[in-house]
Asks: 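Below is the structure I would like to discuss, written out as structure tokens.
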Amino acid sequence: MPTIRHLAADLGLAVNTVGRAYRELEEAGLIETRGRAGSFVSAAGDEGRERARQADADYAAVIASVGIDTGEAIRIVQAALTPGGAASASV
């Protein structure tokens, strides 16, 4: 990934703004900062996607076993992904 200063200049943003974004990405495990070697996309991002793929396969199996149609299953997921939506979702 580009250096913080380089990305800030390219985007016309403050260095501190880009630095904060990098720190937040690192805290989320999406990038790794290796000192003077720079920042790199983390392998944990791939691991997270694999966990999501497994979770969606599990969810699909549950949906099929209880007989919920695809449209309703998608609405349930959309509600769960909306802040405050999971608590108010009607199943």
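FYI, the numbering just counts along the sequence from 1.
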Asks: Who are the side-chain hydrogen bond (donor to acceptor under 3.5 Å, both in side chains) partners of Asp58, not counting sequence neighbours?
Replies: Gln54
Asks: Val77: what forms a side-chain contact (heavy atoms from CB on, under 4.5 Å) with it, not counting sequence neighbours?
Replies: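 Expected list: Tyr59, Leu81.
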Asks: Under the salt bridge (Lys or Arg N to Asp or Glu O under 4.0 Å) test, which residues partner Arg34, sequence neighbours left out?
Replies: Glu32
Asks: Looking at every non-hydrogen atom in both residues, tell me the closest pair between Ala73 and Ile68 and how far apart they are.
Replies: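 Here Ala73 and Ile68 meet closest at N-CG2, 3.8 Å.
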Asks: State which residues pass salt bridge (Lys or Arg N to Asp or Glu O under 4.0 Å) with Arg23; sequence neighbours excluded, sorted by chain then number.
Replies: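 Expected list: none.
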Asks: Can you name the residues that form a side-chain hydrogen bond (donor to acceptor under 3.5 Å, both in side chains) with Arg51, not counting sequence neighbours?
Replies: none
Asks: Can you give each donor-acceptor pair under 3.5 Å made by side-chain atoms of residues 2-12, sequence neighbours left out, with the distance rounded to 0.1 Å?
Replies:
unit_1	atom_1	unit_2	atom_2	d
Thr3	OG1	His6	N	3.0

Asks: So, taking the atom named CE in Met1 and the one named CG in Leu25, what distance separates them when rounded to the nearest 0.5 Å?
Replies: 6.0 Å
Asks: Is there a donor-acceptor pair closer than 3.5 Å between any side-chain N or O of Thr17 and the backbone N or O of Leu13?
Replies: no
Asks: Just verifying a value: how many Å separate Ile74 CD1 and Asp69 CG, rounded to the nearest 0.5 Å?
Replies: 9.0 Å
Asks: Please name all residues satisfying salt bridge (Lys or Arg N to Asp or Glu O under 4.0 Å) with Glu26, sequence neighbours left out, ordered by chain then number.
Replies: none
Asks: What's the verdict on side-chain contact (heavy atoms from CB on, under 4.5 Å) for Ile31 and Tyr22, showing C-alpha distance, side-chain angles and the deciding distance?
Replies: CA-CA 8 Å; Ile31 66 170; Tyr22 270 48; 4.1 Å; yes
